[in-house]
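This report concerns only the one structure given below.
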Amino acid sequence: MIRYRQATAAAIAAAVAAHDPTWQERARSRTRALLAAGRYAEKSSIWGDVKRVYMRLQHFKCIFCERSLAGEEVGAIEQDVEHFRPKNAVKPWPPSTSPVFDLLDGRTGGASPGYYWLAYALTNYSSACKPCNTVCKSNIFPIAGTRGSAPHSVATLDRAERPFLICPYREDPEKFISFLGVVAVPKQREGFGRERALATIDVFQLNRSDLIADRFRTICGLFPWLQMRLDTPARAATIDRTLATLTADRMPQAACGRAFVKLARRRFGLAKEIFSDAEAYFRVGDGA
Amino acid sequence: MYVESLRIENLRSFSKAEIGLLHPALRRRRGDEPLPRLRNVNVMLGINGSGKSTILDATALSLLSPLIASSGYRPYSLIRRSARGRIEEAAVKVDLALDEQDVWPDGPAAGKATMRVLIVRRGDVEFVQQGDVGAPQFERLFYDDSAAFFFVGYGATRRVDVESTADGATRRKLRHVRYERVASLFEDHFTLTPLSAWLPEWRHRNRRRHDEAIALLGALLPKSLRFTGRMENGEYLFAFHSTTVPFGALSDGYRAYIGWVSDLLQHLCIAVSREPELALQDCRGVVMVDEIDLHIHPEWQRTIIPTLARKLPNLQFLFTTHSPLVVGTLERANIHVVERRRGFPIIRRPDEEVFGLSADQILRSNLFGLDSTRDQSFKRKLDRLVRDAELGDAAAALAFMRGASRGAAAIVDEADAPLEKRRAAGKLAR
Ligand SMILES: [Zn+2]
């Protein structure tokens with residue numbers, strides 16, 4: 001996960017206005033109806049109309065797993081507009097099978113009827129791949145504070161609820177989640193920051209096999225440059241520019257890539273070992 | 001001469017394989033598929049141990065077949081070993097397209113020809129059975145200083161012996177010149193003749209070829225490197241950025257490349273010495289290079305094949321590589337993927353176009369397949385390692401990566417890794 005720094009609330013609103021000038025007015029009227037009804041019960045929705053805005057802001061990557069998804073022409077089919085706070089009933093989390101069950105259960109806010117009044121809040125949206133949105137997150141929204149109610153805004157809710165899940169549009173996921181090689185791990189050693197990382201990694205299954213493979217590919221692409229940087233110090237500046245491009249926001253698995261470049265600066269030998277794992281990972285046939 | 005296709009049976013790890021190759025004289029491809037921009041390039045892409053080098057060896061063996069008994073080549077471990085019973089024979093067949101460079105002006109017409117080589121086992125010894133010595137089309141193959149049937153091959157262990165003083169005549173006592181041209185494919189310790197050991201002599205022997213070789217070498221070098229043509233203490237000097245360095249002081253990548261390229265130039269000079277109407281760079285023939293990306297830095301990998309293919313347009317190239325950067329400069333038609341299925345190497349064409357893709361995109365493409373079938377207990381073991389890693393155990397993260405990439409065997413002893421190793425790993429997590 002990475003932060004999309006340019007995508008402030010104002011920038012998102014402006015992009016939506018440019019994409020579909022009528023959308024925000026339509027959304028306001030739908031929100032009024034939802035507030036009057038006191039629950040989410042619509043037969044049709046309009047958030048699909050702004051999906052492209054989020055796809056573009058996120059460089060056609062999933063907000064949570066940083067996988068590269070299909071682009072402008074056909075990309076809409078493989079991603080969803082993700083409601084960060086679920087519009088429908090919130091399911092309790094974690095399940096007893098979760099590795100963080102013992103650590104967090106009883107302190108995550110339990111079930112709730114859902115944030116129906118945020119069904120059309122632009123700051124509640126992002127674009128996520130189907131595995132992350134539908135399979136992993138579903139209607140989960142664990143919090144450490146007290147569950148808010150209508151018609152509180154996203155900003156107010158963030159303060160009172162203290163969500164466990166990290167929101168890439170409002171905070172920097174790289175402060176919480178780091179990577180040792182291809183494995184997503186909490187960055188902070190203790191406290192709420194560590195718990196948030198654990199919850200986010202667990203909910204989105206950030207160490208699932210498709211992402212491990214994706215990150216091994218990233219490392220295969222980076223390591224030769226890191227080796228060259230070591231071999232030809234005179235070219236370090238040019239190579240650093242290449243490395244910056246290869247780990248830029250628009251690259252898949254950018255957070256993992258950046259962590260790997262950092263690791264190589266401190267422990268080149270270990271980075272080399274991980275690269276040899278990455279190479280071995282893609283050998284087809286015998287063995288694994 | 002160019003190789004049109006190759007058929008292998010029971011050679012090394014191959015059970016059966018067939019491969020069609022591009023060459024400069026090809027005017028259309030099977031099924032009317034379009035010809036690629038580089039019509040003289042064939043690349044075998046595969047990881048180490050996939051069997052891609054065997055394709056080069058098989059080509060060299062069959063091209064040598066009419067004179068193999070007197071060539072100095074010694075067969076070793078060529079016939080496939082099988083758990084299901086002893087295999088007694090291996091065979092390779094090549095279909096060739098000959099041209100006027102290969103036949104006498106008044107001899108049989110150039111055209112299609114086939115060479116076959118059979119390797120048989122008797123007890124623990126393998127024998128190569130001499131191919132068709134009598135075919136009149138192959139007559140010029142038996143002449144040393146001839147442009148006919150020109151083929152050279154460079155193995156992955158190719159190196160240049162800077163100290164080498166052995167002259168051509170001494171070398172030829174051990175190996176026939178046609179075998180010498182491919183010996184590094186078969187012999188790990190074979191050394192190539194350094195530029196300094198043959199080029200100076202050609203100044204007097206044949207000034208035109210000497211100058212052509214120098215010009216061609218210059219054209220084949222990467223931009224950062226220039227051949228000065230000057231010598232110091234017996235070694236040629238190269239201009240590298242603003243400094244001048246002798247051949248022996250160049251980095252591994254440059255030496256490995258200049259090593260085989262200058263060996264190729266030497267053999268081209270020998271081959272065309274009686275063909276005054278033929279320019280050095282216009283000679284036809286087959287050049288095989290195992291691991292073309294050997295020691296070569298990423299930027300250069302992106303230009304090396306197109307440069308060779310364009311400067312030597314009449315040579316047919318067979319390269320092997322495992323570098324995604326190298327194949328990004330090619331089209332689907334240039335590439336054969338060699339991979340193992342159930343232990344056997346198979347050769348297939350890429351399903352999609354790769355030209356212009358970045359290394360990362362190529363790694364994502366199906367050229368580099370991904371086998372996710374793992375047994376259940378091993379899967380549980382990996383899951384446990386990930387969980388421990390998430391909870392702060394860095395050693396578990398390292399063990400997970402080793403296991404995920406190399407299979408169950410790699411993590412057996414990891415659970416009881418020495419304490420200091422786990423501690424050292426622990427410091428890395430943050
Ligand atoms: Zn995702």
Side-chain angles (χ1 to χ4, degrees), chain A residues 68 99-100 103 178-189 194 197-198 201-202 206-210 212-214 216-222 224-225 227-228 231-232 234-235 238-239 242 246 251-253 263 266-267 270 273-274 276-288, chain B residues 46-50 241 251 297-299 301 322-325 339-346 358-364 368-374 378-379 382-383 385-394 396-398 400-410 424-425 428-430:
Chain A
S68 193
V100 292
L103 187 70
S178 181
F179 292 85
L180 180 51
V182 297
V183 185
V185 293
K187 186 159 193 181
Q188 299 174 22
R189 212 179 278 261
R194 174 169 181 268
L198 285 172
I201 292 170
D202 194 56
L206 291 185
N207 288 316
R208 58 187 205 243
S209 62
D210 56 327
I212 295 295
D214 223 13
F216 269 140
R217 284 185 202 106
T218 296
I219 285 172
C220 284
L222 288 171
W225 295 97
Q227 177 77 59
M228 209 204 316
D231 293 345
T232 48
R235 306 178 57 221
T238 344
I239 295 168
T242 305
L246 291 175
M251 294 299 279
Q253 304 303 335
L263 174 73
R266 276 185 307 147
R267 296 287 309 268
L270 184 68
E273 255 180 59
I274 294 171
S276 90
D277 286 345
E279 265 199 323
Y281 187 85
F282 294 106
R283 274 172 211 160
V284 184
D286 310 329
Chain B
I47 56 147
N48 290 337
S50 61
H241 297 298
S251 75
H297 66 66
E299 271 172 39
Q301 284 185 25
H322 52 252
S323 164
L325 286 170
E339 62 186 25
R340 286 193 176 237
R341 295 250 171 97
R342 287 186 293 275
F344 291 113
I346 58 144
S358 67
D360 186 63
Q361 287 167 315
I362 292 168
L363 285 167
R364 275 158 194 287
F368 291 80
L370 194 58
D371 184 4
S372 60
T373 54
R374 298 176 187 282
F378 179 51
K379 173 93 177 74
L382 286 180
D383 287 348
L385 286 170
V386 161
R387 178 179 302 196
D388 291 348
E390 288 170 4
L391 293 171
D393 184 349
L398 300 183
F400 166 77
M401 286 186 273
R402 199 155 308 137
S405 59
R406 290 161 215 266
L428 294 166
R430 271 149 268 267

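Given the structure is predicted, the values throughout are model-derived calculations rather than measurements.
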**Report entry** Toward chain B, the part of Ala184(A) with a non-hydrogen atom under 4.5 Å
**Finding:** backbone

Report task. Locate the shortest heavy-atom distance separating Val185(A) from Ala389(B); write the atom from each residue and the value. Result -> CG1-O, 3.5 Å

Query raised in the report: Does the side chain of Arg402(B) reach to within under 4.5 Å of the side chain of Glu273(A), using non-hydrogen atoms?
Result: yes

**Report entry** Min side-chain heavy-atom separation Tyr281(A)-Met401(B) under 4.5 Å
**Finding:** no

Query raised in the report: chain B heavy atoms under 4.5 Å from Arg235(A): which part of the residue, side chain, backbone, both or neither?
Result: side chain

Query - Max heavy-atom pair count under 4.5 Å with chain B, selected residue of Asp231(A), Val183(A), Leu103(A) - result: Val183(A)

Query - Segment of Ile274(A) engaging chain B (4.5 angstrom heavy-atom cut-off) - result: side chain

Query raised in the report: What part of Leu206(A) lies closer than 4.5 angstrom to a heavy atom of chain B: side chain, backbone, both or neither?
Result: neither

Requested in this report: For the residue pair Leu270(A) and Leu398(B), establish whether any side-chain heavy-atom pair is separated by less than 4.5 Å.
Outcome: yes

Query - Leu391(B) vs Leu198(A), side-chain contact (heavy atoms from CB on, under 4.5 Å): CA-CA, chis, key distance, verdict - result: CA-CA 8 Å; Leu391(B) 293 171; Leu198(A) 285 172; 4.0 Å; yes

Query raised in the report: Is the closest side-chain heavy-atom distance between Phe400(B) and Ile212(A) below 4.5 Å?
Result: yes

